[in-house]
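Throughout, numbering of the chain's residues begins at 1 and tracks the sequence.
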Amino acid sequence: MTKADLRREALARRRALPEAEVAHHSAALWEQLHARFPVAQWQWLHLFLPIPQQHEPDTWLLIRQLWARQPHPQLAVPVVQPDGHTLRHFHLTPATTLIENRWGIPEPVGAAEVALPQLDAVLIPLLAFDEAGHRVGYGKGFYDRFLADCRPEALRIGVSLEPPVARIADAWAGDVPLHACLTPERVWWF
């Protein structure tokens, strides 16, 4: 299937999920993360803040878990820039003020900027992925540009509510592949 087909079908399935099911899947995702990755050893974890109306995995469950544990990594989140094509990344703390952008994504205000070389791991929102670690997002290319600027050893971990498809037909060389992908049932490694 092509990215456009996968995007359309995955969005429709996800939007049809009851909120309770999204919450259940989200909890299972974060259990997989804690069980399979050295989270406490990371200095910085980059993650996304969920868009509730898109039924994205609830990263707030993970954020609250991490803030309650010691030691825990510092957290960074993206902010879409006025050019509509790039991201900058800011420190998220319990005291961070958030406002929603035009897409309904909460973004920090007045937080310290985080340099990309600091990141040990990045949790990547996606709609679909394949068995080779290629991914389908919303189609704007934000994460491809961002991930290309991260250290090569920074873990690129997709977050998916569904298992992979066999192959994304129109994956191309500019796509930055995943190192791993979390699903509620297991972790896929590439």
Side-chain angles (χ1 to χ4, degrees), residues 1 3-40 42 45-70 72-73 75-80 87 90 92-108 121-131 133-140 142-143 155-166 168 178-190:
M1 295 184 78
K3 290 181 182 183
D5 293 335
L6 286 166
R7 184 176 296 115
R8 183 177 51 258
E9 291 180 13
L11 270 172
R13 281 191 306 274
R14 201 166 69 186
R15 287 178 180 153
L17 287 175
E19 287 182 24
E21 194 169 338
V22 174
H24 175 75
H25 288 322
S26 296
L29 288 166
W30 311 138
E31 286 176 23
Q32 293 287 351
L33 180 71
H34 288 298
R36 305 285 186 246
F37 294 90
V39 178
W42 295 337
L45 171 62
H46 187 284
L47 47 75
F48 58 95
L49 297 179
I51 307 171
Q53 61 269 29
Q54 295 288 6
H55 287 200
E56 289 186 335
D58 185 1
T59 53
W60 283 110
L61 293 173
L62 174 62
I63 292 165
R64 286 189 290 274
Q65 288 172 4
L66 292 172
W67 283 340
R69 295 179 180 193
Q70 295 299 329
H72 65 78
L75 304 179
V77 294
V79 172
V80 177
L87 300 172
F90 295 88
L92 179 69
T93 71
T96 302
T97 300
L98 300 169
I99 59 167
E100 281 191 8
N101 69 14
R102 64 182 181 223
W103 297 287
I105 303 169
E107 295 181 331
V122 179
L123 296 183
I124 303 161
L126 50 83
L127 295 168
F129 71 106
D130 71 12
E131 293 173 353
H134 298 110
R135 59 192 165 70
V136 176
Y138 292 108
K140 301 288 186 189
F142 287 113
Y143 274 81
L155 288 175
R156 299 183 301 269
I157 306 167
V159 179
S160 179
L161 296 178
E162 299 182 355
V165 298
I168 296 171
L178 302 169
H179 292 120
C181 191
L182 297 169
T183 66
E185 295 79 28
R186 64 173 276 196
V187 175
W188 296 81
W189 296 93
F190 311 106

Quick one, Phe190 with Phe129, criterion side chain to side chain contact (heavy atoms under 4.5 Å, CB included). Give me CA distance, side-chain angles, the key distance, then yes/no. CA-CA 11 Å; Phe190 311 106; Phe129 71 106; 3.8 Å; yes
### Query
Of all residues at least two apart in sequence or in a different chain, which pass the side chain to side chain contact (heavy atoms under 4.5 Å, CB included) check with Glu21?
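Glu21: side chain to side chain contact (heavy atoms under 4.5 Å, CB included) contacts with Leu17, Pro18, His25.
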Which residues pass the side chain to side chain contact (heavy atoms under 4.5 Å, CB included) test with Trp103, not counting sequence neighbours?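 Scan of Trp103 (side chain to side chain contact (heavy atoms under 4.5 Å, CB included), adjacent residues dropped) gives Val80, Asn101, Ile105.
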Minimum heavy-atom distance [X]-[Y], with the two atoms named:
X: Pro163; Y: Thr183; answer: CA-CG2, 4.2 Å
X: Asp130; Y: Ala166; answer: CB-O, 3.8 Å
X: Leu29; Y: Ser160; answer: CD2-O, 3.5 Å
X: Leu182; Y: Phe37; answer: CD2-CE1, 3.8 Å
X: Pro108; Y: Pro78; answer: CD-O, 4.5 Å
X: Leu178; Y: Arg135; answer: CD2-CD, 3.6 Å

What's the verdict on side chain to side chain contact (heavy atoms under 4.5 Å, CB included) for Trp30 and Val159, showing C-alpha distance, side-chain angles and the deciding distance? CA-CA 10 Å; Trp30 311 138; Val159 179; 3.8 Å; yes
inquiry  = I want to check a possible cation-pi pair here: Arg69 against Trp67, using under 6.0 Å from ring centre and within 45° of the ring axis as the test.
reply    =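 Ring-cation test returns no.
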*Test log, rule side chain to side chain contact (heavy atoms under 4.5 Å, CB included), inputs Leu92 and Phe90*: CA-CA 6 Å; Leu92 179 69; Phe90 295 88; over 6 Å; no
Would Arg14 and Gln54 count as having a side-chain donor-acceptor pair, cut-off 3.5 Å?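 There is no such pair (donor and acceptor under 3.5 Å, judged by atom type) between the side chains of Arg14 and Gln54.
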Got a list of side-chain donor-acceptor pairs under 3.5 Å for residues 57-66, not counting sequence neighbours?
| residue | atom | partner | partner atom | Å |
| --- | --- | --- | --- | --- |
| Asp58 | OD1 | Trp60 | N | 2.9 |
| Thr59 | OG1 | Phe48 | O | 2.6 |
| Gln65 | OE1 | His34 | NE2 | 3.1 |

Reported OG1-to-CD distance for the pair Thr97 and Glu107, which is rounded to 0.5 angstrom: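 Reported to 0.5 Å precision, the distance equals 13.5 Å.
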**Prompt:** CG/Leu126 to NE2/His134 distance, rounded to the nearest 0.5 angstrom?
**Reply:**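 Answer rounded to 0.5 Å: 13.0 Å.
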Item to complete: Spell out, as yes or no, whether a donor-acceptor pair under 3.5 Å connects the side chain of Gln32 to the backbone of Glu185.
Response: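 Checking the backbone N and O of Glu185 against the side chain of Gln32, a donor-acceptor pair under 3.5 Å is found.
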